[in-house]
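Worksheet: one structure, shown below.
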Amino acid sequence: MRCPFCRNSDSRVVDSRLTEDGSAIRRRRLCSSCERRFTTLETTSLNVVKRSGVAEPFDRAKVISGVGKACQGRPVTDDDLALLAQEVEESVRASGAAEINANDVGLAILGPLQKLDQVAYLRFASVYQGFDSLEDFESAIAKLRSEGQPPLDAAQQRPLTAE
Ligand SMILES: [Zn+2]
C-alpha cells in the first residue's frame with residue numbers, strides 16, 4: 001500500500017480496528033518516508049456473478065436501489081433500507097465464499113424484506129421470482145400467513161385474492 005502523499009511503499013500500522021458493522025478492518029498507517037498518516041480499509045473481496053456471467057463487486061447501494069423500488073409508497077425509511085442492506089451483506093459474507101450468484105443475493109433479500117414490509121416483500125418477490133398469475137400471489141400470501149405474520153389489511157388483500 002503506497003503512501004497517498006509521497007508514493008513511498010513502506011509504512012507502519014499504528015492502529016487497527018474492526019469497523020462498526022464488522023465487515024472490514026480499518027488501519028491507521030504511518031509513512032516511513034514522509035511520516036504522514038493515512039487510513040486503509042481491508043475487506044474480503046466479494047463478487048456478485050450476474051446471469052450474464054459478468055462479475056462485479058458486491059455493492060450495498062445496488063441492494064438499496066433494488067429494494068427501494070419495491071418500497072415506493074410504503075412506510076420504509078432510508079435507515080430501514082441501509083439496515084436491510086447491511087443484513088444482506090452480512091448474510092452473504094457469512095458463507096465465506098469470494099463469489100456469489102446474483103440469485104443468492106436476491107434470496108438473501110427476501111427474508112429481511114419480509115420482516116420489514118410485507119407489501120414491499122410481495123412486490124419484490126413477484127418480480128424476482130417471476131410471479132405471473134394471481135395464484136402465485138395467493139400462494140405467497142398463504143405462505144406469509146402460515147408463517148404467523150400479521151395479515152395484510154383488507155384493502156391490500158382484496159385485489160390479490162379475487163377469484
Ligand atoms: Zn509518505
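We count ligands from 1, going down the list as the structure has it; atoms in each ligand are counted the same way. Everything numeric here is computed off the predicted structure, so don't read it as measured data.
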Nearest atoms (heavy-atom pairs only) where Y121 meets L144: CE2-CD2, 3.8 Å

Side-chain touch E147/Q114, heavy atoms, less than 4.5 angstrom: yes

Side-chain touch C3/S11, heavy atoms, less than 4.5 angstrom: no

Where L122 and F131 come nearest, the two heavy atoms and their spacing: O-CE2, 4.4 Å

Tally of protein N, O or S atoms, where distance to the Zn ion (ligand 1) is under 2.8 Å: 4

ILVMFWY clustering at 4.5 Å (side-chain atoms), partners of L30: V14

Note, C71 side chain near L81 side chain (heavy atom, < 4.5 Å): yes

